[in-house]
Amino acid sequence: MENNPIVTITMEDGGKIVAELYPEVAPQSVYNFISLIKKGFYDGLIFHRCIYGFMIQGGCPDGTGMGGPGYCIKGEFKANGFNNDLRHSRGVLSMARAQAPDSAGSQFFIMHKDSPHLDGEYAAFGMVIEGMEVVDAIASAPRNMMTNKPKKPQVMASVTVDTKGVDYPEPEKLPDPYGR
């Protein structure tokens with residue numbers, strides 16, 4: 001585990017969320033996340049859906065929850081025939097998706113609280129190791145109760161990754177049936 005990639009999300013207000021990624025648990029999800037980070041995809045994007053007691057979601061290029069990188073990846077979770085035992089407990093990172101199991105792209109979420117009903121249905125791929133107080137603050141931000149979008153944008157100023165010298169491949173990309 002000491003060689004796992006480490007991601008740092010630096011918020012516009014200076015807060016930092018540091019997470020360890022688990023390529024042995026969900027390799028395509030990790031490859032995808034690393035690839036997008038290295039391209040600067042997440043820099044300047046917001047957490048557009050934040051629900052206290054549940055999770056915070058970001059990674060949509062248009063800030064609406066409808067956008068993506070122009071492709072999808074295979075859903076790495078049990079309901080999709082993939083063995084992934086990482087539970088959706090507080091601090092876990094997981095890939096957001098539409099109803100179709102292979103529709104994840106760039107959107108991800110961080111668990112604010114344990115949500116076992118997501119286990120086996122979404123591709124968990126990492127865990128926050130520092131900065132849960134930042135996740136708590138984002139989850140607590142006043143929001144539009146219809147859309148769950150924070151009233152004050154929760155901006156990821158920069159997202160970086162330390163791969164510990166490992167070169168991770170590009171993910172296996174699938175066509176996006178939603179045209180994102």
Side-chain angles (χ1 to χ4, degrees), residues 7-22 25-26 28-30 32-33 36-37 41-42 44-69 72-80 82 84-157 159 178 180:
V7 169
T8 302
I9 300 170
T10 304
M11 300 301 293
E12 193 172 59
D13 67 5
K16 289 186 193 243
I17 301 167
V18 180
E20 180 179 25
L21 304 183
Y22 303 132
V25 172
Q28 292 300 313
S29 299
V30 169
N32 183 57
F33 202 54
L36 290 169
I37 290 168
F41 184 90
Y42 294 110
L45 298 187
I46 62 170
F47 283 102
H48 64 272
R49 183 171 175 240
C50 301
I51 304 172
Y52 184 87
F54 182 36
M55 59 90 216
I56 62 173
Q57 182 172 328
C60 174
D62 56 18
T64 64
M66 302 299 286
C72 293
I73 60 170
K74 180 161 181 55
E76 296 173 308
F77 49 89
K78 281 190 177 168
N80 202 30
F82 188 90
N84 179 339
D85 291 325
L86 185 57
R87 298 198 177 281
H88 286 81
S89 56
R90 178 170 163 79
V92 162
L93 277 70
S94 191
M95 290 303 296
R97 62 177 174 83
Q99 191 169 359
D102 295 332
S103 59
S106 58
Q107 294 186 46
F108 68 98
F109 56 96
I110 303 173
M111 301 312 304
H112 180 236
K113 301 289 182 190
D114 296 356
S115 296
H117 68 282
L118 300 180
D119 294 346
E121 299 291 332
Y122 290 84
F125 67 95
M127 171 70 88
V128 172
I129 56 174
E130 294 174 32
M132 274 308 292
E133 70 282 356
V134 178
V135 174
D136 292 340
I138 295 167
S140 300
R143 61 188 161 109
N144 175 315
M145 297 305 281
M146 296 293 285
T147 63
N148 294 309
K149 189 173 190 174
K151 292 180 179 177
K152 179 178 186 266
Q154 303 296 309
V155 180
M156 294 179 267
V159 182
Y178 304 101
R180 295 171 291 175

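Values reported hereafter were calculated over all heavy atoms of this structure, with side chains retained and with hydrogens, waters and symmetry mates removed.
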With a 4.5 Å heavy-atom cut-off, do [X] and [Y] have their side chains touching?
X    : Y    : value
N148 : Q57  : no
L118 : M55  : no
I51  : R143 : yes
F77  : M95  : no

_Check ion pair K78-D85 (N to O, under 4.0 angstrom)_ =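 Salt bridge: yes.
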
*Check whether any side-chain N or O of N84 sits under 3.5 Å from a backbone N or O of E76 as a donor-acceptor pair, and report yes or no.*
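Yes, the answer is positive, given that a donor and an acceptor are paired below the 3.5 Å cut-off.
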
*asked:* Angle between ring planes, Y42 versus F108, binned at 30° and 60°: parallel, tilted or perpendicular?
replied: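 Ring orientation, 0 to 90° scale: perpendicular.
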
_Please find the pair of heavy atoms, one from S103 and one from R97, that lie closest to each other, and give the distance._
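Heavy-atom minimum between the residues: OG-CB, 3.5 Å.
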
_Minimum heavy-atom distance K74-N80, with the two atoms named_ =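 In this case the closest contact between K74 and N80 is NZ-ND2, 3.6 Å.
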
*With sequence neighbours left out, write down each residue that passes salt bridge (Lys or Arg N to Asp or Glu O under 4.0 Å) with R180, or none if nothing qualifies.*
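Listed in chain order: D176.
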
Got a list of side-chain donor-acceptor pairs under 3.5 Å for residues 119-131, not counting sequence neighbours?
{"from": "D119", "atom 1": "OD1", "to": "H88", "atom 2": "N", "distance (Å)": "2.6"}
{"from": "D119", "atom 1": "OD1", "to": "H88", "atom 2": "ND1", "distance (Å)": "3.1"}
{"from": "D119", "atom 1": "OD2", "to": "R87", "atom 2": "NH1", "distance (Å)": "3.2"}

*State whether the number of non-hydrogen atoms from other residues, nucleotides or ligands found under 6.0 Å of Y52 atom OH is greater than 12.*
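No, not enclosed.
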
